[in-house]
A.B. asks: 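I have a structure I would like to understand better, so I am pasting it below and will then ask my questions one at a time.
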2 protein chains.
Amino acid sequence: MEQQTTGYIHVHEETVHRVNEIMPGEEELFDLAELFKIFGDSTRIRILYVLFESDMCVCGIAELLGMTQSAISHQLQVLKKAKLVKYRREGKTIFYSLADGHVRTILDQGMEHITE
Amino acid sequence: MEQQTTGYIHVHEETVHRVNEIMPGEEELFDLAELFKIFGDSTRIRILYVLFESDMCVCGIAELLGMTQSAISHQLQVLKKAKLVKYRREGKTIFYSLADGHVRTILDQGMEHITE
DNA sequence: AATACATATGAACAATCGCTCATATGAAAG
DNA sequence: CTTTCATATGAGCGATTGTTCATATGTATT
């Protein structure tokens with residue numbers, strides 16, 4: 001391997017520069033990983049698929065998915081914190097809905113990958 | 001709430017049907033969650049960004065990211081298992097590269113979501 | 001005020017995860 | 001065959017995760 005000025009033994013200097021240019025910053029990387037972690041659980045994915053069809057209250061989602069109100073509520077807090085869902089109160093009931101269209105795009109891309 | 005024939009108290013029967021139609025099967029949901037779990041770690045994301053620029057050997061990646069060979073190798077096995085990277089051997093060295101273009105699309109979609 | 005219904009939340013637990021360390025495998029060079 | 005370099009792998013660990021259980025908060029009804 002030719003002479004290097006960067007101290008890297010296994011990587012070309014030019015490659016190091018190119019990688020450093022496109023590599024997102026520490027905070028962006030963290031946020032990106034946090035986002036994908038959200039999608040990395042089938043309960044949360046199922047909740048999102050439910051909300052594709054209709055706004056729904058917490059115990060509605062729980063009924064539909066056959067899970068406890070508590071489990072669903074905990075996961076909805078996770079989705080809320082990540083700004084993937086929003087909610088509105090109507091009396092005693094709280095209706096959750098999708099925050100934006102990116103959610104669907106990301107899930108669709110993932111589905112494309114696994115079904116090929 | 002009006003009379004239901006499905007036994008659901010909080011959800012309209014029609015909504016139940018619509019959700020059941022679009023909801024992926026158990027195995028698809030599992031695979032989808034598994035896929036996104038892979039993207040849910042910043043070390044793996046950084047490896048993928050490196051491979052966007054160039055095929056690279058294990059210790060090249062380790063050098064570039066300032067991590068141990070072992071840590072990188074373990075993560076490459078995860079990425080390999082998920083068919084996100086492929087590899088070729090050249091003598092003692094093994095070069096890893098991206099398996100397909102979906103990887104980039106998925107990361108780009110995620111990046112779009114967090115930078116808005 | 002008291003009750004009932006809808007939701008949120010904190011503690012606890014088993015399960016999983018990412019890294020380190022030590023060691024094993026594999027290929028080339030001497 | 002022995003050494004060296006590149007990579008893989010298994011055990012062990014501290015940290016994080018998803019669920020359950022019990023309980024708290026919040027709203028409407030009586």
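Just so it is clear, the model here is predicted, and its values are computed rather than measured.
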A.B. asks: Atom CD1 of A:Ile38 to atom C1' of D:dT16: distance rounded to whole Å?
C.D. replies: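 Those two atoms, CD1 and C1', are 13 Å apart.
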A.B. asks: Listed in order of residue number, which residues of residues 64-74 of chain B have a non-hydrogen atom at under 4.0 Å from DNA chain C?
C.D. replies: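 Of all residues in residues 64-74 of chain B, the ones placing a heavy atom under 4.0 Å from DNA chain C are B:Met67, B:Thr68, B:Ser70, B:Ala71, B:His74.
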A.B. asks: Strictly distance-based, threshold 3.5 Å: is any side-chain N or O of B:Arg44 a donor or acceptor partner for the main-chain N or O of B:Ile38?
C.D. replies: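 Checked: pair present.
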A.B. asks: With the side chain counted from C-beta on, respond yes when A:Val19 and B:Tyr49 share a heavy-atom pair under 4.5 Å apart, and no when they do not.
C.D. replies: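 Result no, sub-4.5 Å side-chain heavy-atom pair not found.
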A.B. asks: For B:Phe52, is the NZ or CZ atom of B:Arg104 found under 6.0 angstrom from the centre of its six-membered ring and inside 45 degrees of the ring axis?
C.D. replies: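 Here B:Arg104 passes the 6.0 Å and 45° test against B:Phe52.
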A.B. asks: Specify the separation, in whole Å, of atom CD of A:Gln75 and atom C1' of C:dT9.
C.D. replies: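 Roughly 14 Å, once rounded to whole Å.
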A.B. asks: Rounded to whole angstrom units, what separation is found between the CZ atom of B:Phe95 and the P atom of D:dA6?
C.D. replies: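 So the CZ-P distance, B:Phe95 to D:dA6, works out to 11 Å.
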A.B. asks: Ion pair present between B:Lys37 and B:Glu34, side-chain N to carboxylate O less than 4.0 angstrom?
C.D. replies: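 Salt bridge flag = yes for B:Glu34 with B:Lys37.
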A.B. asks: Can you check whether B:Arg89 has a side-chain N or O nearer than 4.0 Å to OP1 or OP2 of D:dT7?
C.D. replies: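 The answer is no; no side-chain N or O of B:Arg89 sits under 4.0 Å from OP1 or OP2.
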A.B. asks: Which heavy atom of A:Leu76 sits nearest a heavy atom of A:Val85, and at what distance?
C.D. replies: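 So the two residues come closest at O-CG2, 4.1 Å.
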A.B. asks: Distance under 6.0 Å and angle within 45° of the ring axis: does B:Lys86 meet both against B:Tyr96?
C.D. replies: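 No, B:Lys86 does not lie over the aromatic ring of B:Tyr96.
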A.B. asks: Within this structure, what is the CD1-to-C1' distance between B:Ile9 and C:dC5, rounded to whole angstrom?
C.D. replies: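 About 11 Å, once rounded to whole Å.
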A.B. asks: Between A:Thr43 and B:Gly60, who's closer to the 5' end of DNA chain D by nearest nucleotide?
C.D. replies: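 Taking each residue's closest nucleotide, the earlier one in sequence belongs to B:Gly60.
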A.B. asks: What integer distance in Å separates A:Lys81:NZ from D:dT17:P?
C.D. replies: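 Atom-to-atom, A:Lys81 to D:dT17, this comes out as 10 Å.
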A.B. asks: How do B:Gly91 and A:Cys57 order along DNA chain C: which one's closest nucleotide is nearer the 5' end?
C.D. replies: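 Mapping each residue to its closest nucleotide by heavy atoms, the 5'-most match is A:Cys57.
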A.B. asks: Okay, side chain of A:Gln77, backbone of A:Ser73: is any donor-acceptor separation there less than 3.5 Å?
C.D. replies: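 Yes, the answer is positive, given that a donor and an acceptor are paired below the 3.5 Å cut-off.
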A.B. asks: Tell me whether the side-chain N/O atoms of B:Tyr96 come closer than 4.0 Å to OP1 or OP2 in D:dA6.
C.D. replies: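 The answer is no; no side-chain N or O of B:Tyr96 sits under 4.0 Å from OP1 or OP2.
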A.B. asks: To the nearest angstrom, how far is B:Lys92 atom NZ from C:dA27 atom C1'?
C.D. replies: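 After rounding, the reported distance stands at 7 Å.
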A.B. asks: With respect to the side chain of B:Gln77, which nucleotide from D:dA8, C:dA8, C:dA6 is positioned closest?
C.D. replies: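 Shortest atom-to-atom distance from the side chain points to D:dA8.
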A.B. asks: Find the distance B:Ile47:CD1 to C:dC19:C1' and express it as a whole number of Å.
C.D. replies: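 My rounded result for the distance is 12 Å.
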A.B. asks: Expressed in angstrom and rounded to an integer, what is the separation of B:Lys37 atom NZ from C:dA15 atom P?
C.D. replies: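 Value for this atom pair: 15 Å.
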